[in-house]
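So you know, we letter chains A, B, ... as the sequences are listed, proteins then strands, and number each from 1.
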Number of protein chains: 2
Amino acid sequence: MTTARHTRQREVIAAVLQQAEGPLSAPELLARAQVALPTLGTATVYRTLKLLQQQGEAHAVKLDGEPLYESSGRGHHHHFSCNVCGRVYSLHSCPVALPSGTVYPGGFVVEGHEVTLYGRCPQCAEAR
Amino acid sequence: MTTARHTRQREVIAAVLQQAEGPLSAPELLARAQVALPTLGTATVYRTLKLLQQQGEAHAVKLDGEPLYESSGRGHHHHFSCNVCGRVYSLHSCPVALPSGTVYPGGFVVEGHEVTLYGRCPQCAEAR
DNA sequence: ATAAATGCAAAAGATTTGCTGAAAG
DNA sequence: CTTTCAGCAAATCTTTTGCATTTAT
């Protein structure tokens, strides 16, 4: 395996992700990181994002158009995606109890989970 | 509201989705539908897919690269995504109990849900 | 008739890849 | 030193959009 080197760009990208108020798209992440590192390139962001995900330090949330990335180790939360208007909301209660380390039948070691509920958001449920 | 018209292409697209052995990517869906309807265009597939999703007849599974689409009304199942090798597996037990129609705090009407577990698949868990 | 849907091609995006120079260990 | 990493630009690929024509109702 390759030893991951410590570079300024990886440091900055990870920091931006941790300080973000919510999940960011790759382009957004790039823009924010460029404030500190103007020459940062697109490819580096994607390559770093892939690395961080493999290390479990970040993960992608894919609901709508582009995937959004968020730092792991942030409050546990899930999403609600409206089937009608397409908007995505954050939910604060979690409908599953799967502590990290749980081993699923077959030998799947669970490190995390993501739940998305689909349906009608308050506005769209009303406007029928 | 607009009245959705019944067309041959929508019929074919829905049929392909229902007969598929698993979730399909948009390009795959297009290819299969073109067997029955050679002139079918890309745009129509995407437009129809969007429509079907709004009607709750289909939904997208977004785990890896491109989203995959599957017909609703198929056996309830979820996915396990390996943080290491990236492979995706199907799970047959469901860790949540959220019947359609459940109303979440805030007025969110649940029509469906999707759960993805992340971690190490049997192979990758072993090869440490 | 009228409005909605299709097909095609062009456009728009996001993500990936190849290659050369920079830099971490 | 040696190998990984960054930056840039070009290439890919999926999804969207504009527009003229066809088609369902």
- Item | Pairing residues for B:Pro122 by the side-chain contact (heavy atoms from CB on, under 4.5 Å) criterion, not counting sequence neighbours | A:Phe108
- Item | Residue-level proximity of residues 27-37 of chain A to DNA chain C when a heavy atom falls under 4.0 Å | A:Pro27
- Spacing of B:Arg10 atom CZ relative to D:dA24 atom P, expressed in whole Å: 11 Å
- Task: Scan for salt bridge (Lys or Arg N to Asp or Glu O under 4.0 Å) pairs involving residues 92-102 of chain B, sequence neighbours excluded, and state none if there are none.
- Result: none
- Message: Rounded at 0.5 Å granularity, tell me how far OG1 in A:Thr42 sits from CG in A:Leu29.
- Response: 11.0 Å
- Message: Rounding to 10°, can you tell me the angle the first-five-pair axis of the helix from C:dA1-D:dT25 to C:dG25-D:dC1 makes with its last-five-pair axis?
- Response: 50°
- Pairs satisfying salt bridge (Lys or Arg N to Asp or Glu O under 4.0 Å), at least one member in residues 45-55 of chain A, at least two apart: none
- Task: Sorted by first residue and then second, give each side chain to side chain donor-acceptor pair (under 3.5 Å) pair with at least one member in residues 99-116 of chain B; sequence neighbours left out.
- Result: A:Asn83-B:Glu111, A:Arg120-B:Glu111, B:His76-B:His113, B:His78-B:His113
- All pairs passing ring pair (Phe, Tyr, Trp, His ring centres under 6.0 Å) where residues 19-72 of chain B contributes a residue, at least two apart: none
- Separation of B:Lys62 atom NZ from C:dT15 atom P, in whole Å? 12 Å
- Message: Within this structure, what is the CD-CD distance for the pair A:Gln9 and A:Gln34, rounded to the nearest 0.5 Å?
- Response: 11.5 Å
- Query: According to a strict under-4.0 Å criterion, is B:Gln9 in side-chain N/O contact with OP1 or OP2 of D:dT23?
  - Reply: no
- Item | Atom-pair distance (CG on A:Leu24; P on C:dA14), nearest Å | 14 Å
- Task: Identify, with sequence neighbours excluded, every residue that meets side-chain contact (heavy atoms from CB on, under 4.5 Å) alongside B:Ala14.
- Result: none
- Note on the structure: Contact check, residues 44-53 of chain B vs DNA chain C, heavy-atom distance under 4.0 Å, returns B:Thr44, B:Arg47
- Task: Please answer: with hydrophobic residues joined when any side-chain heavy atoms are less than 4.5 Å apart, are A:Ile13 and A:Leu51 in the same cluster?
- Result: no
- So CG of A:Leu30 and CG of A:Leu24: to nearest 0.5 Å the spacing works out to 11.0 Å
- Does A:Val110 share a hydrophobic cluster with A:Val96, counting links as ILVMFWY side-chain heavy atoms below 4.5 Å and allowing steps through other members? yes
Using nucleotides 22-25 of chain C, report all nitrogen or oxygen pairs with the protein that are shorter than 3.5 Å.
{"residue": "C:dA24", "atom": "N3", "partner": "A:Arg5", "partner atom": "NH1", "Å": "3.0"}
{"residue": "C:dG25", "atom": "OP1", "partner": "A:His6", "partner atom": "N", "Å": "3.1"}

- Task: If a pair satisfies salt bridge (Lys or Arg N to Asp or Glu O under 4.0 Å) and one of its residues is in residues 23-43 of chain B, list it, with sequence neighbours excluded.
- Result: B:Glu21-B:Arg32
- Item | Distance in angstrom units between B:Ile13 CD1 and C:dA5 C1', rounded | 11 Å
- Task: Tell me what B:Thr42 touches on the nucleic acid: a base, only sugar-phosphate, or nothing, going by heavy atoms under 4.0 Å.
- Result: base
- Task: Mind jotting down which residue pairs meet the salt bridge (Lys or Arg N to Asp or Glu O under 4.0 Å) criterion with at least one end in residues 4-13 of chain B? Sequence neighbours excluded, please.
- Result: B:Arg8-B:Glu11
